[in-house]
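Each chain gets a letter, A, B and so on, in the order its sequence line appears, and its residues count up from 1.
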Amino acid sequence: MSVVTRFAPSPTGFLHIGGARTALFNYLFAKHHGGQFLLRVEDTDRKRSTEEAMQAILHGMNWLELNWDGAETYQSQNADRHREVAEQLVADGNAYKCYCTPEELAEMREIAKNSGGGTRMYDGRWRDRDASEAPAGIDPVIRIKMPLEGETTIADLVQGDVTKANDTLDDFIILRSDGTPTYMLAVVVDDHDMGVTHAIRGDDHLNNAFRQLHLFKACGWDVPEFAHIPLIHGSDGAKLSKRHGALGVEAYEEMGILPEAMCNYLLRLGWSHGDDETISREQAIEWFNLDAVGRSPARFDMDKLLNLNAQYLKTADADTLAARVLADANAAGITVSPEAETRLVAGMPGLASRAKNTHELFELSHLYLVDAPIEMTEKARDSLTDAEARQTLKELAELLKKATSWGEAELDGIAREYAETRELKLGKVAQPLRAALTGSSVSPSIFEVMAVLGRDETLARLEFAAN
RNA sequence: GUCCCCAUCGUCUAGAGGCCUAGGACACCACCCUUUCAAGGUGGAGACACGGGUUCGAAACCCGUUGGGGAUACCA
């Protein structure tokens, strides 16, 4: 049997970290088994679902390259099918209509809470009543008949065997009084119709799994395998939620995080493969398994994400990175000449090893983006007020003009030789050079910068700074 | 309240009864490299929640305690 997984977000908010990880695990599991990964939008709560949230989720999935198979489906479009199943269940005697008023329900809940356990939230008062007793003027809901006694065990692929007494399971509502399905019914019907073999989802659904299992059985369907993965907590240890300042994945995108880094980080949160830390998508697909998913909740750690991001930045393709920098430049209203763009790509390795996110990369790139004369920071200007420093630059410029080739090694050699003849420390030469060439006191290796800038731009900047 | 789940450095984790004097990663500290800043290298500090069992031997297995989390809707 081929594996089919699905990610089933409800479009009531953005795609947050926990959801993204659930999607990733479902994706990886399906791909590992050569199966299918489906996306189903759970929009049965029409009041809370928004188009905006849905777009945010789709955008997040695309950004992380969690490509789903086929077109995404919308649960609300299967409402007719859900109602049919509910009615069939009633016809088969596995479900029944309940005419309770909200007041009656509230009363039952109150009793159950005060009883100290052993009492169900819904007492099943319409379970065996005849339809002829139905009061007029009340639209009934449909409830599923749950087993009255015994216990139910779920062989969860992550949590292991979990057993729950059946008397804690009440006859829950599957069809609302307005004829729309509840989540519980919709998931079961859709999972069955879509051929889902493995339901990998958050731990918060573990309790629901017991109810769903009986619903599957009442319908006479095979029950999918369940895998409940622990939730991701905020740094305070509580469930991630909007009020906790949990962010949507697009927020990380805006922070200049690379999607590969994000996925790698999410993968390591709750799943491990020995001591491996940096894991490519291909490697993840090959290695991913549910056995290695941890059972305890993990906390989100921005520092580690940033560290991973820095690593991906270092090995990322220069053109890809340049495109991100150019986008930032464009947003900042900086016009980049074709020469500057060439410099940017050439200088990328030296830049990338110094950045933790793409915005830092953009800031670091500034020295290549602009053309002479360049602006200077106060610190840089200060180091050039010294007459001796300016003299150094002038003398060095003369030597550089005579350079036969413009490679990093040659330039380095010229500067060192000059420093030696003048009996200066290399730093005394390099720092003014850095200020003049980059307009800053911090930059990649100054000889690398010179090589990337090229002869003309270098000499132009030197001349400007020396005067 | 009741039900369910969880418990190794600050954080993410390795650990399938002897390979554990508990390993790796992030963060932190020191040193090295060095033209600045990063990166990189080397080293350091830092954990088995507690109490009982089981066993020749428990971080690992069992029970309890404590702590944390989740669920308790005509939300998903």
Side-chain angles (χ1 to χ4, degrees), chain A residues 8-12 42-45 47-49 75 98 100 102 105 109 112-119 121 139-143 156 158-160 162-165 167-170 172-178 180-184 186-187 202-210 228 230-231 233 235 237-239 265 268-278 292 294-308 310-311 314 350-356 360 364 379 412 415-416 419 425-435 438 440-447:
Chain A
S10 60
T12 54
E42 310 234 312
D43 55 349
T44 51
D45 184 347
K47 285 187 278 289
R48 295 202 306 152
S49 299
Q75 198 157 54
C98 166
C100 284
L105 260 17
R109 254 198 299 279
K113 284 210 168 169
N114 295 332
S115 74
T119 307
M121 286 296 180
D139 290 325
V141 298
I142 291 180
R143 289 182 183 269
D156 193 277
V158 169
Q159 306 290 343
V162 183
T163 302
K164 203 169 160 62
D167 61 15
T168 62
L169 268 23
D170 53 5
F172 59 93
I173 295 170
I174 57 175
L175 200 74
R176 300 186 188 113
S177 51
D178 65 358
T180 60
T182 60
Y183 157 79
M184 224 50 101
V187 209
D203 221 354
D204 48 345
H205 286 287
L206 184 55
N207 284 293
N208 292 333
F210 291 93
H228 290 94
L231 267 14
H233 290 167
S235 46
K239 182 181 177 180
Y265 177 73
R268 284 287 292 107
L269 220 46
W271 178 84
S272 59
H273 184 269
D275 286 338
D276 294 305
E277 296 285 349
T278 308
R295 273 144 311 210
S296 52
R299 297 188 191 203
F300 185 80
D301 181 10
M302 193 65 196
D303 281 338
K304 189 145 185 177
L305 206 211
L306 245 19
N307 175 275
L308 218 34
Q311 288 186 50
K314 254 187 288 179
L351 260 20
S353 67
R354 291 170 166 78
K356 286 217 180 299
E360 276 186 24
L364 258 19
K379 256 190 166 177
D412 186 306
R416 277 175 206 278
K425 280 193 170 176
L426 188 56
K428 278 283 181 193
V429 178
Q431 270 317 93
L433 211 45
R434 187 182 320 282
T438 72
S440 163
S441 55
V442 175
S443 83
S445 157
I446 198 59
F447 306 115

>> Taking 4.0 Å as the cut-off, does a side-chain nitrogen or oxygen of Thr44(A) come that near to OP1 or OP2 on rA76(B)?
In response: yes

> Roughly, in whole Å, what's the span from CG in Asp204(A) to P in rG68(B)?
Replying inline: 20 Å

> Which whole number of Å gives the distance between the P atom of rG51(B) and that of rG41(B)?
Replying inline: 40 Å

> If you measure from the P atom in rG57(B) to the same atom in rG1(B), how many Å do you get, rounded?
Replying inline: 39 Å

>> Using atom P in both nucleotides, what's the gap between rG23(B) and rC9(B) to the nearest angstrom?
In response: 14 Å

>> Within the 4.0 Å heavy-atom criterion, would you say Val162(A) contacts the bases, only the backbone, or no part of the nucleic acid?
In response: sugar-phosphate

> Roughly how far, to the nearest 0.5 Å, is OG of Ser296(A) from CG of Leu231(A)?
Replying inline: 12.0 Å

> Asp178(A) or Asn207(A): which one's nearest nucleotide on RNA chain B is closer to the 5' end?
Replying inline: Asn207(A)

> Reading nucleotides 17-37 of chain B from the 5' end, what letters show protein touch, with B for base, S for backbone sugar-phosphate only, - for no heavy atom under 4.0 Å?
Replying inline: ------BBBSS-------BBB

>> Let me spell it out: for each of Ala8(A) and Ala355(A), pick the nucleotide of RNA chain B with the closest heavy atom. Which residue's pick is nearer the 5' end?
In response: Ala355(A)

>> As a test of reading the structure: which of rC74(B), rU72(B), rA71(B) is closest to the side chain of Ile173(A), going by heavy atoms?
In response: rC74(B)

>> Base, sugar-phosphate or nothing for Ser353(A)? Non-hydrogen atoms, less than 4.0 Å.
In response: base

>> As an exercise, state the distance from CD of Gln159(A) to CG of Asp203(A), rounded to the nearest 0.5 Å.
In response: 5.0 Å

> Starting at CG of Leu306(A) and ending at C1' of rA39(B), how long is that distance when rounded to a whole Å?
Replying inline: 15 Å

>> Taking the C1' atom in each of rA76(B) and rA14(B), what is the distance between them to the nearest angstrom?
In response: 36 Å

> Checking all strands, does Gly202(A) fall into the base, sugar-phosphate, or nothing category for heavy-atom contacts under 4.0 angstrom?
Replying inline: nothing

>> Let's test your reading of the model: under 3.5 Å, does the base of rC74(B) pair with the side chain of Ser177(A) as donor and acceptor?
In response: yes

> Between Thr12(A) and Arg48(A), is there a donor-acceptor pair closer than 3.5 Å when you use the side chain of the first and the backbone of the second?
Replying inline: no

> Met302(A) has an atom CE; how far is it from atom C1' of rG10(B), in whole Å?
Replying inline: 18 Å

> Contact class for His228(A) (heavy atom, under 4.0 Å): base, sugar-phosphate, or nothing?
Replying inline: nothing

>> Starting the side chain at C-beta, find the nucleotide from rC12(B), rC74(B), rC4(B) nearest to Leu206(A).
In response: rC4(B)

> Between Asp170(A) (CG) and rC74(B) (P), how many Å, whole number?
Replying inline: 9 Å

> What integer distance in Å separates Arg299(A):CZ from rG10(B):P?
Replying inline: 11 Å

> Under 4.0 Å between a side-chain N or O of Ser272(A) and OP1 or OP2 of rA14(B)?
Replying inline: yes

> In whole angstroms, how far is the C1' atom of rG68(B) from the CZ atom of Arg295(A)?
Replying inline: 17 Å

>> Let me confirm one number: the CG-NZ distance from Leu306(A) to Lys356(A), rounded to the nearest 0.5 Å.
In response: 6.0 Å

> Which listed nucleotide (rA39(B), rC3(B), rA76(B)) is nearest to the side chain of Asn208(A)?
Replying inline: rA76(B)

>> Over all strands shown, is Cys100(A) touching base, sugar-phosphate only, or nothing at heavy-atom distances under 4.0 angstrom?
In response: base

> Can you tell me if Arg268(A) uses its side chain to pair, donor with acceptor, with the backbone of Asp276(A) under 3.5 Å?
Replying inline: yes

> Just by modelled atom types, is the His228(A) backbone N or O under 3.5 Å from a matching donor or acceptor in the Asp156(A) side chain?
Replying inline: yes

> In terms of the angle between their ring planes, are His205(A) and Tyr183(A) parallel, tilted or perpendicular, with boundaries placed at 30° and 60°?
Replying inline: tilted

> Quick one: Tyr265(A) OH to rU11(B) P, roughly how many Å, whole number?
Replying inline: 12 Å

> If we take the P atom in both rG43(B) and rG10(B), what is their distance in whole Å?
Replying inline: 22 Å

>> So, applying side-chain contact (heavy atoms from CB on, under 4.5 Å) with Ser443(A), which one of Leu351(A), Thr438(A), Leu433(A) is it?
In response: Thr438(A)

> Lys164(A) has an atom NZ; how far is it from atom P of rC5(B), in whole Å?
Replying inline: 9 Å

>> Students often get this wrong, so: under 4.0 angstrom with heavy atoms, is Lys428(A) touching a base, only sugar-phosphate, or nothing?
In response: nothing

>> Is it the case that the side chain of Tyr265(A) and the backbone of Phe300(A) share a donor-acceptor pair, with hydrogens and angles ignored and the cut-off at 3.5 Å?
In response: no

